[in-house]
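First up is the structure itself, then whatever we jot down about it.
Only heavy atoms go into these numbers, but all of them, side chains included; no hydrogens, no water, no symmetry mates. Residue numbers run from 1 in the order of the sequence given.
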Amino acid sequence: MNVRYVNTMGGRTPLGKLWAAALALRAFEKLLRTGPVRLVHIHISSGPSFWRKAVFVCVAQLRQVPLVLHIHGGNFPEFYAESAALSRWCIRKTFAAARKVIVLSANWIPKVASFVEEDRCVAVGNPVLAWDSGARKGRAIRRFLFLGRFERDKGIYELLEAFASVLQRFPDAELLLGGEGDLEAVNASISHKGLSKSVHLLGWVVGEEKRRVFERADAFVLPSYIEGLPVAMLEAMQCAMPAIVTSVGSIPEVVSHQVNALLIPPRDATQLADAMLQLAADPNAAARIGEAGRELFASNYCAELVCKKIEGLYQALTVNQKGRTSSD
C-alpha cells in the first residue's frame, strides 16, 4: 500500500503557519488531481486545526475521494458545544463527509455523537514506536519528567507546587520539563518557589534527544486538565517508566490506578505530590507499575499493532478500488 504524507504544519509565526498550510494544500490538490488516490486520511483537532483541515476535507469532497477523519485533542466535544450555531453546522457537515471517523478510545464514541453518528466511528489508539530502554528494576525515583505545552491546562503550575513538596522530603529530586509555551510565567513560578536549582528546562525534545531524556528520567508526570490519549504517556509506558497521570479523556479507560500507572484528579497539587512521593519512597513498587505499563503498551499500542488496524480500515474502505492511497 503506497501512502503519501502531506504535512500541513510549519512555521512559528501566524504568517509562517498560514504559508505552510497553503503549500500543503497546493501539494494535496495536486495529488488528488494527478491521482489516482483511493483514500484520504486527515488528522484533525479543535480550534484552528479544525478550520485548517476543513479546507482539505472540502477539496477531497470535490474530487469525490473517500475520506477518513481522525480526531485528536481531548477537548473536541467541548469545542463543538461551545461553538456558535453556524460553526456547529460546519463541524457536522465536515464530519458527514467522512466514511469513518477514528477516535482514540471506545469511550469517546458517545462523546462525539452530537456531531457524528456512532456507527461511523472506530476506536484506534495512538501508535508509538518501541525502543529498548534497559532495565529499571530497583532504580531510585528522583528525576521526574514532564513533556507537553507549558500552559495551565497541562497542569504545569500544580506540578511545580507539588514538586516543591517533594523536595522537602527528597532534596536530591529533580524535575525535567520538556516543551515550550509560556516560558516567562513558568520561569517566574520556578523562581518564586525557589526551585531553580532542581528544575531543568529542556526545550521541545524530539527524536534521539527524546529517547535520551526518557532514559535519564525515572518517572513520568502529566497532570493535564484535558487530554485525549497522550503519546508521551504511552512513550513512558513502553520504556517501563512509572507514570503519574490525571483521570481525564481516554486515560482512565487505558490504565488502572496502582496497577500500570498512578491516577490522580486534575487540579490537585496535594494528591500529585503524594503520588510523586509514593514512587520516590518505594522504588520496587514503582518498578512493578512501570513493568505493568510496558506490558500494556506492548499488547495494545506499539506502532506495528496500531498500523495493522489502520491498514485494515484502509483495505475495508478501498476494497473495490485500484490505485494508490494518500494520507494526510
Side-chain angles (χ1 to χ4, degrees), residues 8-9 41-54 68-83 91 94-95 98 100-116 118 120-129 146-156 159 178-181 204 206 210 220-238 243-257 260-267 293 296-297 300-303 305-307 309-310 313 327-328:
T8 66
M9 289 290 290
H41 180 173
I42 297 180
H43 299 268
I44 199 164
S45 189
S46 56
S49 171
F50 171 79
W51 299 111
R52 182 173 67 251
K53 298 301 180 61
V68 172
L69 288 181
H70 196 152
I71 302 177
H72 298 269
N75 64 339
F76 202 99
E78 290 78 10
F79 165 67
Y80 173 79
E82 295 168 4
S83 296
I91 293 169
T94 298
F95 280 95
K100 286 292 182 180
V101 175
I102 299 177
V103 294
L104 297 178
S105 66
N107 74 344
W108 276 93
I109 294 177
K111 293 181 181 180
V112 302
S114 56
F115 53 88
V116 59
E118 294 190 22
R120 286 196 295 121
C121 294
V122 58
V124 180
N126 282 324
V128 174
L129 292 173
F146 166 93
L147 293 178
R149 292 282 302 173
F150 295 166
E151 57 189 28
R152 188 165 297 281
D153 283 354
K154 288 295 184 180
I156 186 74
L159 177 55
E180 58 186 20
W204 195 263
V206 296
K210 179 185 282 190
F220 177 75
V221 188
L222 187 65
S224 303
Y225 301 173
I226 301 168
E227 282 290 349
L229 181 59
V231 169
M233 178 191 77
L234 298 176
E235 289 173 330
M237 291 168 63
Q238 70 87 30
I244 301 169
V245 288
T246 43
S247 53
V248 298
S250 298
I251 294 174
E253 182 183 351
V254 170
V255 301
S256 299
H257 181 52
N260 40 39
L262 296 183
L263 282 171
I264 61 169
R267 299 180 174 87
L296 178 66
F297 167 84
N300 292 276
Y301 299 102
C302 70
L305 291 175
V306 176
C307 287
K309 291 181 181 179
I310 299 238
L313 179 61
S327 176
D328 176 15

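- The side-chain hydrogen bond (donor to acceptor under 3.5 Å, both in side chains) search around Y301 returns none, not counting sequence neighbours.
- In this structure the side chain of F79 reaches within 4.5 angstrom of the side chain of I91, judged on heavy atoms.
- Under the 6.0 Å cut-off for aromatic ring centres, Y80 and F95 do not qualify, their centroids lying 6.0 Å or more apart.
- Contact record, I156 with E151: CG2-O, 3.4 Å, taken as the closest heavy-atom pair.
- The shortest side-chain heavy-atom distance between T94 and L69 falls under the 4.5 Å cut-off.
- Residues L229 and G125 come closest through the heavy atom pair CD2-CA, 3.9 Å.
- By the 4.5 Å heavy-atom criterion applied to side chains, V122 and L313 are counted as neighbours.
- By the side-chain hydrogen bond (donor to acceptor under 3.5 Å, both in side chains) test, S105 pairs with N107, S250, E253, sequence neighbours left out.
- Among all heavy-atom pairs drawn from S45 and S49, the shortest one is N-OG, 3.1 Å.
- Taking the side chain as every heavy atom from C-beta outward, F150 and E180 never approach each other to under 4.5 Å.
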Practice task
With side-chain contact (heavy atoms from CB on, under 4.5 Å) as the test, would you mind laying out the steps for L262 and V245 before giving the verdict?
Solution key: CA-CA 6 Å; L262 296 183; V245 288; over 6 Å; no
Handout entry: V306 vs V124, side-chain contact (heavy atoms from CB on, under 4.5 Å): CA-CA, chis, key distance, verdict
Key = CA-CA 7 Å; V306 176; V124 180; 3.6 Å; yes
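- In this structure the side chain of V128 reaches within 4.5 angstrom of the side chain of V231, judged on heavy atoms.
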Practice task
Dump the intermediate steps for side-chain contact (heavy atoms from CB on, under 4.5 Å) on C121 and V116, then the final yes or no.
Solution key: CA-CA 8 Å; C121 294; V116 59; 3.8 Å; yes
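- Proximity of a side-chain donor or acceptor of R120 to a complementary backbone N or O of A98 within less than 3.5 Å is detected.
- Under the 6.0 Å distance and 45° angle rule, R152 does not count as a cation-pi partner of Y225.
- Distance check: F76 CZ to F115 CZ gives 5.0 Å after rounding to the nearest 0.5 Å.
- The shortest distance between side-chain heavy atoms of H72 and N126 falls below 4.5 Å.
- To the nearest 0.5 Å, atom CG of residue L147 and atom CD of residue E235 are 7.5 Å apart.
- The shortest distance between side-chain heavy atoms of F146 and P223 falls below 4.5 Å.
- Annotation for P127 and A303: closest pair CB-CA, 3.8 Å, computed over non-hydrogen atoms.
- Summarising the geometry, atom CG belonging to L305 is positioned 3.5 Å from atom SG belonging to C302; distances are rounded to the nearest 0.5 Å.
- Under a 3.5 Å cut-off, the side chain of H70 and the backbone N or O of I42 do not form any donor-acceptor pair.
- With contacts defined as side-chain heavy-atom distances shorter than 4.5 Å, the pair V112/I71 qualifies.
- Once rounded to the nearest 0.5 Å, the distance linking CD1 of I102 with CH2 of W108 reads 15.5 Å.
- The minimum heavy-atom distance between S247 and P265, with the atom names listed, is OG-CA, 4.2 Å.
- Taking CD1 of I244 as the start and CG of L222 as the end, the distance is 11.0 Å to the nearest 0.5 Å.
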Handout entry: Audit row: V255, L296, side-chain contact (heavy atoms from CB on, under 4.5 Å) steps and yes/no
Key = CA-CA 8 Å; V255 301; L296 178 66; 4.2 Å; yes
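- Distance check, rounded to the nearest 0.5 Å: CG of L159 to OG of S224 gives 10.0 Å.
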